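To find a chain, count down the sequence lines: A is the first, B the second, and so on, and within it residues start at 1. All figures in this text were calculated on a predicted structure; none of them were measured in a lab.
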Amino acid sequence: MQTSITNSTTRYGWGAIILHWLIALIFIGQFGLGFVMVRLTSQRTAFELIQLHKSFGFMLLGLIILRIAWRLGNATPALPHSVGTLERRAAPLAHLALYAFQLALPLSGWALVSVSMLEIPSLPFNLFIMPNLPLAESDGAESFWAATHWYLAYAGMAIVALHIAAALRHHFQLRDGVLTRMITPSSDQE
Amino acid sequence: MYTRILGFAAVAACLAMPVSAAVALGDAAGSYSISPASSSIRFSIGKVGGGGLSGAFARFKGSIRIDNSDVGRSQVNFTIFPESVGTGQGRIDAFLRSDAVFDAANSPEIQFRSTSVTRTSDTTALVSGRLTARGKTSTEKFSAELGGLKAGTIKFHVTGKVLRSRYGMDVGTPIYSNIVDFDMTLTGKRG
Ligand code: HEM
Ligand code: HEM
């Protein structure tokens, strides 16, 4: 029995679709927020935006774990036959890289706040105390994780840009159903 | 004549005697200026999950005047220079000096002017007054305990809680408590 909640071998279900777009929105939003918050002159706004960035980051970590579990427990829709060999090989690698960045970014952010000598607690959306990762605090470790987080953010966005370009190419140039099947499950593709 | 001499001797002996623990406030009448070298103004702010942020102001000035006939008319005034805040963490100090908290560039002074002093015991008093920071003034209460009095020097231990939201400094709540705990040792030198 197949409902449109789960994936089939030909299309994405609502579960994967909603997670994809929710995460895509927050992920790109996190990049924008991160970029802006470290460049503000108002220290007050900067502090508050960094806390917001941490809150959404932890939310993202939870959603991504859910997404990976969902992905492992679901079928993976095959690409349309029209897709060439090179892309057929590249797409899973690109998706794997996207999963890796989705996990590594929040984790490196979490590590960064955990090792900071400033010891600012994490209180996501003012709801609960998120404990720190068990890592030793030092200024050196903070610089390391800040740099790692920075590189991951920029590299991650570069891959996201490629990913978006690929999606747009499928839709406007190749005119296959690859973009639309990530929008609604009804556009079944064979 | 004999009794007068005896009485004088007793008073002299009292004055010469080093003051130990408890000293009566009434004996301390006079004007004092706060000596920063032997005083300290420390503060701490709790944070969620335990622990907190603590620091001190290195620069401040002030005066204490104790009225002999009526302790209630005594006065305590002090001015803190927030630029001198120190927590042991340079980045936190910079944050506290910035517009996020003290805005020390535009509001270089935090002032306290007492409005009333109420004696609560032989050696303690409740000091109410107007605290002004970042252009906002509010009434605050501090408890003062006389810690020592000798050779023209008076020492008070002053504690109190101040809500930072009243002064537009509530950044970081509720991660960091709105309540700032003050712990001051104010040593005044007569004159
Ligand atoms: C997908 C999730 C995330 C993305 C895309 C992201 C992205 C970014 C970006 C672009 C910056 C600015 C880097 C710069 O230009 O200097 C940044 C900074 C930062 N991020 Fe994230 N971040 C994510 C998750 C997290 C999480 C979960 C935390 C913590 C719990 C976190 C904590 C921080 C902190 C503290 C900074 C400031 C670093 C600094 O002061 O240099 N981030 N992030
Ligand atoms: C807003 C622009 C985006 C567009 C237009 C877009 C489009 C798509 C499309 C059409 C697919 C389906 C590919 C297929 O059928 O094989 C897809 C899959 C995927 N997207 Fe995006 N995406 C966007 C943003 C993102 C972001 C920001 C991320 C993560 C950081 C992301 C991660 C993924 C992953 C991991 C998959 C593979 C899903 C799976 O099969 O498990 N996407 N995306």
Open item on the list: Ignoring hydrogens, what is the shortest heavy-atom contact between B:Gly172 and A:Phe47? Give both atom names and the distance.
Closed with: CA-CE2, 3.4 Å
- [ ] Check the pair A:Arg44 / B:Asp170 against side-chain contact (heavy atoms from CB on, under 4.5 Å), numbers first and verdict last.
- [x] CA-CA 10 Å; A:Arg44 186 192 173 114; B:Asp170 57 336; 3.0 Å; yes
Open item on the list: Taking A:Met117 as the starting point, is it possible to reach A:Ile50 by hopping between hydrophobic residues whose side chains are less than 4.5 Å apart?
Closed with: no
Open item on the list: Under 4.5 Å from any heavy atom of chain B, what part of A:Leu118 do you find: side chain, backbone, both or neither?
Closed with: both
Task: For chain A, the option from B:Lys47, B:Gln89, B:Arg91 that forms the most heavy-atom pairs under 4.5 Å - done: B:Arg91
Open item on the list: Within a 6.0 Å radius of atom CZ on A:Phe125, are there more than 12 heavy atoms belonging to other residues, nucleotides or ligands?
Closed with: yes
- [ ] Enter the distance from A:Ile120:CD1 to B:Leu53:CG here, rounded to the nearest 0.5 Å.
- [x] 9.5 Å
- [ ] Examine whether an atom of A:Asp139 lies under 4.5 Å from a heavy atom of chain B, and if so say whether it belongs to the side chain, the backbone or both; otherwise answer neither.
- [x] side chain
- [ ] Following the transitive rule for hydrophobic clusters with a side-chain heavy-atom cut-off under 4.5 Å over Ile, Leu, Val, Met, Phe, Trp and Tyr, establish whether A:Phe101 and A:Leu93 coincide in one cluster.
- [x] no
Open item on the list: Hydrophobic clusters here meaning ILVMFWY residues chained together by side-chain heavy-atom distances under 4.5 Å, can you tell me if A:Leu112 and A:Phe31 are in one?
Closed with: yes
Open item on the list: Would you say A:Leu66 ends up clustered with A:Phe128 if hydrophobic residues are merged whenever their side chains have heavy atoms under 4.5 Å apart, either directly or through other cluster members?
Closed with: yes
